[in-house]
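What follows is a single structure, written as structure tokens, with notes after it.
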Amino acid sequence: MRIALAQMNSTPGDLDNNFNMALAMAHNAKAQGADLIVYNAHFLSGLPLKGLDDYEPFMDSLWMHMDALGAQMPLRALVTCIDRLTNEDGDQFFAPAALLMEDGEIYSLFTEAPFDDEGDDEEARAFEIDGEIFVVMVESAVNENVPFDGVDVVVEMCADAITENEYSPFATGRSQRLKGVSRMGDCYTVYANMVGAADSMVFGGGSCVVDPFGRLMHSCSVSTPELFIFDTHGRKHELQDEASVHMSQDEFSYTALVTATRDYVRKNGFSDVVVGLSGGIDSALVAAIATDALGAEHVHGVLMPGPYSSEGSVSDSLDLARNLGISTVTLPIGEPVEAVHAQLAEACGGEVRGLAAENLQARMRMIYLMTLSNAYGWMVLNTSNKSEAAMGFSTLYGDTCGAYAPLANMYKTRVFDLARWRAAQSPSIPEAIILKPPSAELYPDAKDEDRLPPYDVLDQILQLHIEGGKSATQIAMEGFDADTVSRVLATTKANEYKRAQEPLGPLVEGEPLSGREWPITCGWRDSL
């Protein structure tokens with residue numbers, strides 16, 4: 001049998017466009033002689049749906065599109081579609097149902113996931129197509145309880161987001177299970193996963209086919225749609241070198257950030273972005289990500305030197321822009337800041353001073369960026385990172401503004417890692433930016449470490465708390481200074497209100513701060 005593996009980048013709720021992409025892939029597969037096409041899970045609805053699956057008009061339209069696709073499908077197709085199911089207790093829930101499209105008809109393969117988490121194979125479903133025996137899993141991993149006797153092809157239809165399950169198995173080095181399944185069952189194993197991004201979700205792609213000897217036949221891109229066709233009998237395929245597919249953690253994370261930024265901008269109807277360039281590491285990395293995602297002609301840098309900006313903040317930003325090939329404009333903020341100082345001096349007790357004066361600079365810069373955004377229809381990319389967000393080290397309605405924050409879930413130390421990785425690939429982020437001490441430059445000789453622990457210490461404490469779920473006492477027992485730990489956790493708690501107002505960003509590593517859902521009004525204090 002000649003089988004086509006379709007890896008799609010679907011937009012949540014965009015049924016017409018997803019339909020057209022799926023049908024185009026099917027016709028392409030048919031033209032190449034395929035007998036069957038296998039799609040990733042949720043290929044027609046997209047993800048995340050965030051309540052759309054509980055909205056009857058959407059569900060009606062989804063199934064209308066599914067029926068229409070079945071009627072127009074030029075070859076057999078294995079697909080999934082969200083359905084309202086009922087468990088043994090009579091409770092209703094939504095889950096993707098596995099379906100077979102054939103000759104204009106749609107057949108249900110099973111009404112529940114065929115294997116539960118305990119490995120109970122009571123619900124296992126095997127079916128035959130032209131003498132080939134298939135076992136299908138939907139959003140579930142094949143385990144040793146699969147009834148392998150006589151099975152020719154095992155199919156996993158997934159929508160694995162990065163940080164979930166076993167996404168991108170060969171790109172990330174998580175391929176042993178799939179190899180074992182093929183060897184154990186003497187069968188082909190097909191892993192069909194969604195690719196692309198929507199909101200904070202970034203799907204891993206990496207759909208792949210493993211032959212009965214446990215060898216990689218093909219691993220798809222981790223960032224773009226793809227169609228791969230193979231034969232189960234009678235035709236030899238050139239095997240793919242696993243080493244050529246494997247990616248380092250830095251390469252994978254950077255690629256995921258590029259994918260997320262590309263899809264968020266384009267799927268929300270924008271073509272261009274604007275980025276404030278400070279000469280610092282965060283804005284430099286965001287500019288590089290945006291350029292790789294959208295093309296240099298669609299990225300616009302804005303330099304906004306203020307009264308405490310160093311010479312390097314301008315020269316390094318211009319070097320960055322030249323390396324990336326992006327356009328820039330330099331708009332100093334000194335005069336408008338002075339005007340606001342004069343206007344507010346009396347109301348502020350004689351002068352604007354201290355934190356109010358510092359934050360005024362950041363808010364003026366965001367006025368510039370938002371005005372340019374409105375004037376040209378550009379999306380503003382936020383340049384904050386996870387360490388800053390955790391500590392509230394930002395100006396509310398200043399550098400917290402923006403439509404999308406590519407680094408929202410990346411710790412500062414990881415920002416440096418990714419910047420170094422990107423700089424090593426081609427001229428992009430100048431070494432001067434990577435080497436300079438981080439600073440917001442809002443007061444004379446400012447350095448981030450004036451107000452924060454060193455980032456290598458801070459990020460370890462935050463990771464133990466956020467990803468590890470450890471208390472202040474437990475973190476201190478790991479060897480960290482007790483006062484520092486107490487200060488970090490107290491500051492993190494105190495700034496929950498800021499994070500509730502910060503822009504969305506992709507989840508590529510670790511746990512999202514927004515996912516904790518801690519109350520803003522809260523009397524709990526985690527201290528030693």
Side-chain angles (χ1 to χ4, degrees), residues 254 257-258 261 265 270 272-334 336-337 358 361-373 375-376 378-385 388 393-395 398-408 410 412 415-416 418-420 422-423 426-442 446 448 503 505:
Y254 185 86
L257 293 175
V258 169
T261 303
V265 172
F270 289 80
D272 290 39
V273 296
V274 58
V275 183
L277 300 180
S278 67
I281 192 77
D282 300 309
S283 63
L285 183 59
V286 168
I289 289 168
T291 301
D292 292 339
L294 305 170
E297 68 275 19
H298 297 292
V299 181
H300 310 278
V302 184
L303 287 69
M304 298 168 284
Y308 305 109
S309 297
S310 63
E311 180 181 346
S313 69
V314 173
S315 61
D316 292 342
S317 294
L318 292 175
D319 287 344
L320 169 76
R322 278 191 292 269
N323 288 347
L324 296 176
I326 65 176
S327 63
T328 64
V329 60
T330 300
L331 302 171
I333 65 169
V337 166
E358 294 175 22
Q361 299 167 65
R363 292 186 176 117
M364 186 59 65
R365 290 183 172 115
M366 193 48 59
I367 289 174
Y368 281 19
L369 292 175
M370 290 306 303
T371 302
L372 290 169
S373 172
Y376 293 104
W378 300 336
M379 178 185 286
V380 177
L381 292 185
N382 179 278
T383 61
S384 298
N385 61 64
E388 293 170 349
F393 193 65
S394 55
T395 300
D399 49 357
T400 62
C401 287
Y404 195 64
L407 305 180
M410 303 299 294
K412 185 78 169 190
V415 170
F416 276 99
L418 296 181
R420 294 187 189 98
R422 181 60 184 88
S426 64
S428 53
I429 302 174
E431 186 178 22
I433 289 179
I434 296 174
L435 295 178
K436 73 172 62 173
S439 171
E441 297 189 331
L442 297 179
D448 287 5

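Each of V302, L320, V286 was evaluated against L277; a single residue qualifies, L320, per the side-chain contact (heavy atoms from CB on, under 4.5 Å) test.
Distance check, rounded to the nearest 0.5 Å: CE of M366 to OG1 of T400 gives 7.5 Å. For the atom pair CD1 of I289 and CG of L257, the computed distance is 4.5 Å after rounding to the nearest 0.5 Å. In this structure, CG on L285 lies 10.5 Å from OG1 on T383, to the nearest 0.5 angstrom. Between L303 atom CG and D316 atom CG the span is 10.0 Å, to the nearest 0.5 Å. Rounding to the nearest 0.5 Å gives a distance of 9.0 Å between OG of S283 and CD1 of I429. To the nearest 0.5 Å, the span separating CE on M410 from CG on N385 amounts to 9.5 Å.
When all heavy atoms are compared, the tightest approach of G402 to P503 is O-CB, 3.3 Å. Minimum heavy-atom separation, L372 to W378: O-CE3, 4.2 Å. Heavy atoms only, all atoms of each residue included: S317 and S278 are closest at OG-C, 3.6 Å.
Of the possible donor and acceptor atoms, none in the side chain of R365 sits under 3.5 Å from a partner among the backbone N and O of G398. Looking at S313, its side chain never comes within 3.5 Å of a backbone N or O of S309 through a donor-acceptor pair. The backbone N or O of A293 sits nowhere less than 3.5 Å from a side-chain atom of T261 that would complete a donor-acceptor pair. Side-chain atoms of Y254 do not come within 3.5 Å of backbone N or O of A419 as any donor-acceptor pair. Using modelled atom types, no side-chain atom of K436 and backbone atom of E431 make a donor-acceptor pair closer than 3.5 Å. Looking at S373, its side chain never comes within 3.5 Å of a backbone N or O of L369 through a donor-acceptor pair.
At least one side-chain heavy atom of I434 sits under 4.5 Å from a side-chain heavy atom of R420. Residues Q361 and Y308 are in side-chain contact: their nearest non-hydrogen atoms beyond the backbone lie under 4.5 Å apart. Using a 4.5 Å heavy-atom threshold, the side chains of Y368 and I333 count as touching.
Every pair tested for salt bridge (Lys or Arg N to Asp or Glu O under 4.0 Å) that includes a residue from residues 272-281 fails, sequence neighbours excluded, so the list is empty. Residue pairs meeting the salt bridge (Lys or Arg N to Asp or Glu O under 4.0 Å) criterion with at least one member in residues 323-333, sequence neighbours excluded, do not occur.
Residues passing the side chain to side chain contact (heavy atoms under 4.5 Å, CB included) test with S384, sequence neighbours excluded: N382, E388. Evaluation of the salt bridge (Lys or Arg N to Asp or Glu O under 4.0 Å) rule for E441 yields no partner, not counting sequence neighbours. Every residue two or more places apart in sequence or in another chain was checked for a salt bridge (Lys or Arg N to Asp or Glu O under 4.0 Å) with D399, and none qualifies.
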Sequence neighbours excluded and cut-off under 3.5 Å, please list the side-chain donor-acceptor pairs for residues 322-331, or say none.
{"unit_1": "R322", "atom_1": "NH2", "unit_2": "D319", "atom_2": "OD1", "d": "2.3"}
{"unit_1": "N323", "atom_1": "ND2", "unit_2": "S428", "atom_2": "O", "d": "3.0"}
{"unit_1": "S327", "atom_1": "OG", "unit_2": "H300", "atom_2": "ND1", "d": "3.1"}

Original post:
Passes side-chain contact (heavy atoms from CB on, under 4.5 Å), D448 versus F393? Steps please.
Top reply: CA-CA 9 Å; D448 287 5; F393 193 65; 3.5 Å; yes

